[in-house]
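Worksheet: one structure, shown below.
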Amino acid sequence: MKQKVSLKELVGTKIIYAGLIAAYYWMWARQDWHSGYDAIQNAIFLFTIVFFILQASRIRRYSKEEKDQQAIQALRRTDAVLLKVLAAAAVAIAFACAVTLFDGRMAGYALVGTILALTVLRTILFCVMDGRKGLPAET
């Protein structure tokens, strides 16, 4: 793993963070228990530790490299668009809770699902916007 760390890689690994958040929320919010849950919880916990260690080394390496300013600008544009999408999703979830379509647990699942969906959408949108660099601007 001596190759350069790209911003696309760091943005893409945020999907794993979101997946871990969803997995931990499932572990905390579920109300049933099966014998296989112990193995699932232990596997998720071990994966989290290993992933964080590997990710810390990749982030440290990225911080020492020269930054791609066009990729950073594309990421900022992507984040600006998705902030508006997140606001709309939060309003929709709050409205669903207000009219008692969701209870607290379901609202949590909706929020965690929104985080996971936005993370995937962020990666896709960033790859599309970053892939357009070097192209002439449309007027």
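Looking at every heavy atom in both residues, Thr114 comes nearest to Ala89 through CG2-CB, 3.7 Å. Smallest separation of non-hydrogen atoms from Lys8 and Cys127: CD-SG, 4.2 Å. Of all heavy-atom pairs spanning Leu75 and Val11, the tightest one is CD1-CG2, 3.8 Å. Heavy atoms only, all atoms of each residue included: Leu116 and Ala18 are closest at CD1-CB, 3.7 Å. Taking every heavy atom of both residues into account, Glu65 and Lys67 meet most closely at O-NZ, 3.1 Å. Scanning all heavy atoms of the two residues, the minimum distance from Thr119 to Ile115 falls at OG1-O, 2.7 Å.
Rounding to the nearest 0.5 angstrom, the gap separating the CG atom in Leu7 from the CD1 atom in Ile72 is 6.5 Å. Remark: Thr123 OG1 to Asp130 CG distance equals 12.0 Å, nearest 0.5 Å. Here the straight-line distance linking atom OG1 of Thr78 with atom CG of Leu125 works out to 4.5 Å at 0.5 Å rounding. The line from CD of Glu9 to CD of Gln55 is 7.0 Å long, rounded to the nearest 0.5 Å.
The closest side-chain heavy-atom distance from Leu54 to Val50 is below 4.5 Å.
For Tyr62, there are no ring pair (Phe, Tyr, Trp, His ring centres under 6.0 Å) partners at least two apart in sequence or on another chain. Tyr25 meets the ring pair (Phe, Tyr, Trp, His ring centres under 6.0 Å) test with Tyr109; sequence neighbours excluded. Here Phe45 pairs with nothing under the ring pair (Phe, Tyr, Trp, His ring centres under 6.0 Å) rule; sequence neighbours left out.
Note on Ile40 and Trp28: same hydrophobic cluster, where clusters join Ile, Leu, Val, Met, Phe, Trp and Tyr whose side-chain heavy atoms are under 4.5 Å apart, directly or indirectly. Grouping the Ile, Leu, Val, Met, Phe, Trp and Tyr side chains by contacts below 4.5 angstrom, directly or via other members, places Ile49 with Ile16. Put simply, Leu83 and Leu118 are part of two different groups of oily side chains (I, L, V, M, F, W, Y) that touch within less than 4.5 Å, one to the next. Under the 4.5 Å side-chain heavy-atom criterion for grouping Ile, Leu, Val, Met, Phe, Trp and Tyr, Ile44 is connected to Ile53 within one hydrophobic cluster. Linking ILVMFWY residues whenever their side-chain heavy atoms come closer than 4.5 Å, directly or via other members, places Tyr37 and Leu20 in the same cluster.
Ring-plane geometry between Phe47 and Phe51 is classed as parallel, the angle between the planes falling under 30 degrees on a 0 to 90 degree scale with a further cut at 60.
Separation of the Phe52 and Tyr17 ring centroids falls under the 6.0 Å cut-off.
For Arg76 and Gln73, the side-chain atoms include at least one donor-acceptor pair closer than 3.5 Å.
Among pairs with a residue in residues 99-121, none fulfils salt bridge (charged side-chain N to carboxylate O under 4.0 Å, His left out), at least two apart in sequence or across chains. Contacts classified as salt bridge (charged side-chain N to carboxylate O under 4.0 Å, His left out) and involving residues 113-123 (residues at least two apart or in different chains) are given here: Asp79-Arg122. Within the structure, salt bridge (charged side-chain N to carboxylate O under 4.0 Å, His left out) contacts touching residues 17-38 (residues at least two apart or in different chains) do not occur.
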